[in-house]
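Following: one structure in structure tokens, then a few remarks.
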Amino acid sequence: MPELPEVETIRQDLSCLIVGRKVLAIATDTPGKILPSLELVKKAVVGSTIKRIDRRAKLLQLILDNGKVIAFHLKMSGRLLVRKVGEEKDDWQHIVITLSEGLELRFADMRKFGWMKLFLSREDLKKVLTEYGPEPLSDLTLKKFREILEANGRAIKIVLMDQEKIAGIGNIYANEALFLAKIDPRTPADKIKEKQAAALFLAIEKVLRLGLRYRGASDRYYLDALGQKGHFQEHFLVYGRQGKECGSCKGMIKRIALGGRGTFYCPSCQK
DNA sequence: AATCGTTCCTGATAGC
DNA sequence: TGCTATCAGGAACGAT
């Protein structure tokens, strides 16, 4: 599932591939996934040029030269693919944005949880973006991190995945970071000691950077903008490894449900 | 205000 | 073998 490293990898790809291209047309077979509506989006963006690609949390934004912004949320299974016009249709392809010079930006989504949304101005977008917590790789400091933990009594894994608290961390990176920091995912955030908080702060940075280095985790559906898999899934220490041996203590990785999400940890390493 | 349950959707998997 | 039922899961939303 696309989290910060996956969305950032796509952002970098799109920056190289489609910045400077003009939007010629938009088509879809799932109009409900285009907000506020296909017609309004067409009217606002067809004819404009893509100036820049930004990312904030898991939200990807095409910044257009007319001041409008198109944002995408990939949710569980969304893909943004750059293809040449006429190339074979992609699996679960639902939105096609035709660009100048024979390219297409395709939004494909097996689960159909993802969406595309028009923002009429940078100010409108900014309002939404301020609702996200700090970016863990650029804005978050240890001091700020400790304040977040102290202010929240819910399980640490729930807090890590809460986009209003910290932006961009999803299930995979939350599980992996907690393993590296040797913290039980159920520990109430406000009960985490100073030393453990510092270890977790570093572990978050480490797993996110590792995810970026491997161009994301293609656990199930994730592909980069050219349709290539990432490789971080080959280095998972706990995620999806229930019943397997812990690489650190030779105990067995356990799976539990936390906040309705699959949670993976080593009971003997993570106290 | 904080937190919980429900909803969206479809492929994978379990059970018979 | 082939059918049906269940489940997973990010985040918005309504309910408590």
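So that the names make sense, note that chain A is the first sequence line, chain B the second, and so on, each numbered from 1.
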Under the criteria of a ring-centre distance below 5.5 Å and an interplanar angle below 30°, is A:Phe113 stacked with the base of C:dA11?
->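 Taking the rule of under 5.5 Å and under 30°, the ring of A:Phe113 does not stack on C:dA11.
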Just the rounded figure in Å: distance from [atom2] of [N] to [atom1] of [X].
X        : N      : atom1 : atom2 : value
A:Met1   : C:dC7  : CE    : C1'   : 14 Å
A:Arg79  : B:dG11 : CZ    : C1'   : 12 Å
A:Asp91  : B:dC9  : CG    : P     : 20 Å
A:Met110 : B:dA12 : CE    : C1'   : 8 Å
A:Ile169 : C:dA11 : CD1   : C1'   : 16 Å
A:Leu74  : C:dA11 : CG    : C1'   : 14 Å
A:Leu4   : C:dG10 : CG    : C1'   : 15 Å
A:Met161 : C:dA11 : CE    : P     : 8 Å

For [N], take OP1 and OP2 only and decide whether either is under 4.0 Å from a side-chain N or O of [X].
X        : N      : answer
A:Trp115 : C:dA11 : no
A:Lys75  : C:dA11 : no
A:Lys58  : C:dA11 : yes
A:His73  : C:dG10 : no
A:Arg111 : B:dG11 : no

Choosing from B:dG11, C:dG10, B:dT3, which nucleotide comes nearest the side chain of A:Arg154?
->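 Selected nucleotide: B:dT3.
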Nucleotide nearest A:Arg220 (side chain, heavy atoms from C-beta), chosen from C:dA8, B:dG11, C:dG10 = C:dA8
Hey, which of these two, A:Gly153 or A:Lys33, hits DNA chain B nearer its 5' end, going by closest nucleotide?
->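 Whichever sits nearer the 5' end wins; that is A:Gly153.
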Residue pair A:Lys68 / A:Ser121, side-chain donor-acceptor N/O under 3.5 Å |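 Result is no, nothing qualifies.
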Validation row, ring centre A:Phe232 to ring centre A:Tyr173 under 6.0 Å =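 Aromatic pair counts; centres sit under 6.0 Å.
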Can you check whether A:Phe72 and A:Phe107 have ring centres sitting under 6.0 Å from each other?
-> yes
Checking all strands, does A:Asp109 fall into the base, sugar-phosphate, or nothing category for heavy-atom contacts under 4.0 angstrom?
-> nothing
Reckon A:Gly262 touches a base, only the sugar-phosphate, or nothing at all at heavy-atom distances under 4.0 Å?
-> sugar-phosphate
Nearest 0.5 Å please: distance from the CG atom of A:Leu160 over to the CD1 atom of A:Ile169.
-> 5.0 Å
Carefully, step by step, assess A:His94 and A:Lys112 under the rule side-chain contact (heavy atoms from CB on, under 4.5 Å).
-> CA-CA 9 Å; A:His94 296 302; A:Lys112 293 187 181 169; 3.4 Å; yes
